[in-house]
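A quick write-up on the structure given underneath.
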Amino acid sequence: DQQVKQNSPSLSVQEGRISILNCDYTNSMFDYFLWYKKYPAEGPTFLISISSIKDKNEDGRFTVFLNKSAKHLSLHIVPSQPGDSAVYFCAASGWEYGNKLVFGAGTILRVKS
Amino acid sequence: KAGVTQTPRYLIKTRGQQVTLSCSPISGHRSVSWYQQTPGQGLQFLFEYFSETQRNKGNFPGRFSGRQFSNSRSEMNVSTLELGDSALYLCASRLGLEAFFGQGTRLTVV
């Protein structure tokens with residue numbers, strides 16, 4: 001039972017364009033969402049997070065949008081750079097869920113120069 | 001400030017053997033979680049320890065166990081290894097809601 005779903009296994013974009021990575025969740029107890037980036041042979045690195053009381057959070061080139069009614073969040077990367085090529089994981093957590101982090105399966109992003 | 005340190009980085013074991021992996025969290029972090037990453041499966045939660053007590057547990061068989069010491073360092077043990085246990089095992093430490101990961105231990109069972 002996948003509670004956090006990243007339905008696109010991979011995404012390819014041109015350098016300088018926008019990358020949009022999507023994530024859906026099913027458990028309404030989740031109230032905190034995070035995005036991680038992972039390079040091969042390294043551990044995931046925290047990118048950006050959003051609380052359920054917000055619908056948008058920005059940090060430089062990265063913006064996360066949350067649509068609670070649709071149980072959907074997305075990560076926008078603008079402009080995309082070749083160094084952004086990595087696997088991106090969406091994760092969800094919640095106080096009532098024991099603060100456990102539940103991860104999606106990941107999306108491989110390739111930014112072409 | 002040192003990050004999360006996992007040892008060893010790579011390990012090859014034979015079916016039926018047991019293995020112990022180690023994780024040293026970021027100084028001051030008392031929560032340590034373990035995850036298994038396999039291709040296409042994302043990061044599957046194994047368990048979380050906080051102040052030497054298991055606080056959360058995922059849906060893994062009893063062959064997977066862990067413990068945490070008073071200095072917050074954690075170990076994960078897998079007994080009676082199976083071929084399907086081959087994976088990247090990641091440890092993460094937390095102070096708040098964000099988890100900080102180590103580089104992982106790549107376990108190969110042959």
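Not measured: the values here are computed from a predicted model. Naming: A, B, ... by sequence-line order, numbering from 1 per chain.
- Counting non-hydrogen atoms of neighbouring residues, nucleotides and ligands closer than 6.0 angstrom, the NZ atom of B/K13 exceeds 12 such neighbours.
- Within a 6.0 Å sphere centred on NZ of A/K54, other residues, nucleotides and ligands contribute 12 heavy atoms or fewer.
- Counting heavy atoms from C-beta on, the side chains of A/F89 and B/L43 come closer than 4.5 Å.
- Contact of B/Q37 with chain A is made through the side chain alone, with heavy-atom distances under 4.5 Å.
- Between B/R94 and A/L101 there is a side-chain heavy-atom pair separated by less than 4.5 Å.
- By the rule that hydrophobic residues join a cluster once side-chain heavy atoms approach within less than 4.5 Å of another member, A/V64 and A/I53 end up as members of separate clusters.
- In this structure, the side chains of A/S49 and B/L97 stay at 4.5 Å or more apart for every pair of heavy atoms.
- Under the 3.5 Å distance criterion, with hydrogens and angles disregarded, a donor-acceptor pair is assigned to the side chains of A/Y32 and B/E98.
- Scanning both residues, B/R9 and A/A41, for their nearest heavy atoms gives NH2-O, 3.1 Å.
- The neighbour count for A/R61 CZ, taken as heavy atoms of other residues, nucleotides or ligands under 6.0 Å away, is above 12.
- With values rounded to the nearest 0.5 angstrom, B/L90 atom CG is found 6.5 Å from A/K38 atom NZ.
- Between chain A and the residues B/Q103, B/R106, B/Q44, the largest count of heavy-atom pairs under 4.5 Å involves B/Q103.
- Aromatic ring centres of A/F46 and B/F101: separated by at least 6.0 Å.
- No more than 12 heavy-atom neighbours from other residues, nucleotides or ligands sit within 6.0 angstrom of CG on B/N59.
- A 6.0 Å sphere centred on CD1 of A/I18 holds more than 12 heavy atoms belonging to other residues, nucleotides or ligands.
- For A/R17, the CZ atom counts as loosely surrounded, since its 6.0 Å shell holds 12 or fewer non-hydrogen atoms of other residues, nucleotides or ligands.
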